[in-house]
Amino acid sequence: MKTDIRAFTFDKLNSELSSLGLPAFRTKQIFKWLHQYGCSSFDEMTNISKALRAQLEERFYIGSCYVEDKYVSSIDGTVKYLFRLHDGEYIESVIMKYKYGYTICVSSQVGCKMGCTFCASAIAGFKRNLTAGEIEVQLIAAQKDLNIKISHIVLMGIGEPLDNFDNLIDFLNNVNNPDGLNISMRNITVSTCGIVPNIYRLIDYNLQLTLTVSLHASNDNIRSRTMPVSRKYSIDELLSACKVYAEKTGRRVSFEYTLIKGVNDSAENAKELSLRLKGMLCHVNLIPVNDVKESGNISCSREEILKFQNILKRNGINATIRRTLGADINASCGQLRRLKKRGEIDENCC
C-alpha cells in the first residue's frame with residue numbers, strides 16, 4: 001500500500017529516499033514542496049525530473065483534504081471548515097483572527113474515544129487517527145483557500161491529540177521545521193483531556209509548547225460523571241503530571257473549565273478548584289458549555305460565570321472567560337461532522 005509522504009518527518013523522509021538511492025539534497029527539495037509550498041501533486045515538483053516524480057507516485061501519495069462545507073461568521077469573521085478526507089471521512093478546522101494574526105484549531109482524529117458528555121466530537125463515533133500529514137494539511141488547505149498565513153496552531157479540534165501521540169510528535173516536528181511552515185513551538189497549543197502517561201512522554205521532548213488540560217471539575221466525583229478518562233487517571237494524578245510539566249518546561253499550564261449549570265459551577269467548586277491549583281504555574285480558562293442537544297447540559301449565565309471567576313481570583317488563581325467566536329456557525333468542533341453524518345447540514349455554508 002502507498003504511504004502518505006507528507007506524514008514523514010525530515011529524517012524519516014531522508015531514510016525513505018535514501019533507500020531509493022536518491023542523494024541527500026533531494027530530501028530538502030521534496031520536503032519543501034510538501035510542507036513549505038503545500039503541493040498536492042508530484043507533478044507540481046517542477047525542479048524534479050519526470051522519471052523521479054513517477055517513481056515517487058508509485059510508492060507514495062500526498063495526503064490532501066477537500067472543503068466539503070465552509071461557514072463564515074457574520075459576527076467576527078471566524079471561518080469553519082468541514083473537510084473531507086481521501087477515504088470519505090470528515091474532520092473540522094476553525095480559523096480565528098486575532099490582533100497578532102491567524103490561529104487555526106485543527107483535528108487530530110476522526111471522531112474521539114474519550115466520551116466527554118459536553119463535547120460533540122465523540123457523538124458520531126471514533127473512526128481512526130489522522131496521520132501527521134492529515135493534521136498538517138488542514139493548515140495548508142485553509143491558507144490556500146483564504147490566502148492567509150497562519151502563525152498559531154491549537155490542537156483542540158475533533159479528537160484527543162495525546163491519544164494519537166506518535167503522529168502528533170511528527171506533526172509538531174514538521175510544522176516547526178524551517179524548511180516547512182516554520183511555526184514556533186511557542187505558538188502551538190496541545191490540548192488533552194488528561195492521558196497522564198502521555199503527558200510525561202511529552203515532558204521528555206521539552207518542546208516549549210503550551211499544554212492545555214480539559215479539567216472541567218474540581219473533584220473526581222464530578223469529573224468521572226462528565227469525563228470517563230477520570231475513572232482511569234484521578235485529578236491528583238493529572239495535576240501532579242501538570243506540575244511536573246510546568247516545572248520541567250517553565251511553561252504555564254492552561255486548564256479548560258467548561259461551566260455546566262448545576263454540575264460544576266457552585267461556589268464550593270470554585271473554592272475546591274482554587275485549593276487544588278494553588279502554587280502551580282497555571283491559568284484557568286472558563287468556558288460556557290456548548291449547546292449540544294444530545295448532552296442535555298445547560299450553560300451558566302454571564303453573571304454566574306463572573307462569580308465563579310471572582311472566587312478563583314480572590315484565591316490567587318489567574319482566570320479568564322473565553323471569548324466566544326463563531327457562535328452563529330457552530331464553530332465548536334464536532335458539531336458539523338455530527339450533523340453531516342445525520343444529513344442535517346444547514347444551508348448557511350459558503
Side-chain angles (χ1 to χ4, degrees), residues 105 108 112-123 154-163 189-196 198-199 210-243 245 252-278 280 282-292 294-302 304-309 311-313 315 317-324 331-335:
C105 178
S108 56
C112 185
K113 304 173 189 174
M114 299 299 111
C116 302
T117 62
F118 47 81
C119 180
S121 293
I123 294 174
V154 179
L155 286 116
M156 204 178 289
I158 294 174
E160 162 57 53
L162 294 192
D163 188 43
T189 297
V190 173
S191 176
T192 180
C193 67
I195 301 179
V196 172
N198 285 353
I199 292 176
T210 297
L211 179 67
T212 293
V213 177
S214 297
L215 192 61
H216 308 307
S218 57
N219 60 59
D220 286 318
N221 182 41
I222 296 173
R223 197 165 191 263
S224 62
R225 282 186 276 140
T226 56
M227 301 182 70
V229 69
S230 188
R231 298 166 198 161
K232 189 168 185 178
Y233 308 112
S234 69
I235 280 188
D236 287 339
E237 290 176 291
L238 174 57
L239 294 184
S240 292
C242 292
K243 287 177 183 176
Y245 185 91
R252 184 178 73 171
V253 176
S254 181
F255 291 102
E256 303 281 298
Y257 197 101
T258 297
L259 285 158
I260 307 171
K261 192 173 181 65
V263 175
N264 63 355
D265 62 327
S266 69
E268 289 71 25
N269 294 146
K271 293 171 186 174
E272 186 175 30
L273 180 62
S274 300
L275 288 173
R276 288 192 180 278
L277 300 183
K278 192 173 181 64
M280 191 190 305
C282 69
H283 164 263
V284 177
N285 197 8
L286 299 173
I287 310 165
V289 71
N290 294 324
D291 181 18
V292 178
E294 291 90 340
S295 71
N297 293 323
I298 301 171
S299 181
C300 298
S301 68
R302 178 76 178 176
E304 290 167 327
I305 297 173
L306 285 169
K307 186 182 295 184
F308 197 97
Q309 179 192 32
I311 294 173
L312 293 178
K313 285 184 171 182
N315 285 281
I317 306 300
N318 185 284
T320 56
I321 300 171
R322 176 185 286 178
R323 183 162 62 102
T324 301
S332 297
C333 277
Q335 300 189 72

Are [X] and [Y] packed together at the side-chain level, in the sense that at least one heavy-atom pair is separated by less than 4.5 angstrom?
X	Y	answer
Val253	Lys243	no
Thr226	Val263	yes
Asn269	Tyr257	yes
Glu256	His216	yes
Thr210	Val154	no
Asn285	Thr320	yes
Asp265	Lys307	no
Leu275	Glu272	no

Is there a side chain to side chain donor-acceptor pair (under 3.5 Å) between Thr192 and Glu160? Walk through the geometry before answering.
CA-CA 6 Å; Thr192 180; Glu160 162 57 53; 2.9 Å; yes

Sub-3.5 Å donor-acceptor pair from the side chain of Arg276 to the main-chain atoms of Ser218, do we have one?
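Pair found, side chain donor or acceptor close to backbone of Ser218.
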
Has Asn315 got a side-chain atom pairing as donor or acceptor with Ser274's backbone, closer than 3.5 angstrom?
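It does not hold such a pair.
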
CA sep, side-chain torsions, deciding dist, call: Phe255, Leu238, side chain to side chain contact (heavy atoms under 4.5 Å, CB included)
CA-CA 11 Å; Phe255 291 102; Leu238 174 57; 5.7 Å; no

Hey, could you give me the OG/CG distance between Ser301 and Leu259, rounded to the nearest 0.5 Å?
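CG of Leu259 is found 10.0 Å from OG of Ser301.
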
Kindly indicate, with the supporting measurements, whether the criterion side chain to side chain contact (heavy atoms under 4.5 Å, CB included) is fulfilled by Val289 and Lys261.
CA-CA 9 Å; Val289 71; Lys261 192 173 181 65; over 6 Å; no

Yes or no on side chain to side chain contact (heavy atoms under 4.5 Å, CB included) for Leu312 and Leu286, after CA distance, side-chain angles and deciding distance?
CA-CA 11 Å; Leu312 293 178; Leu286 299 173; 4.2 Å; yes

For Ile199 and Leu211: C-alpha separation, side-chain torsions, deciding distance, then whether side chain to side chain contact (heavy atoms under 4.5 Å, CB included) applies.
CA-CA 9 Å; Ile199 292 176; Leu211 179 67; 4.1 Å; yes

Before accepting this row, confirm whether a basic side-chain N of the pair Arg231/Asp220 lies closer than 4.0 Å to the acidic partner's carboxylate O.
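Looking at Asp220 together with Arg231, the answer is no, because their closest N to O distance does not fall below 4.0 Å.
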
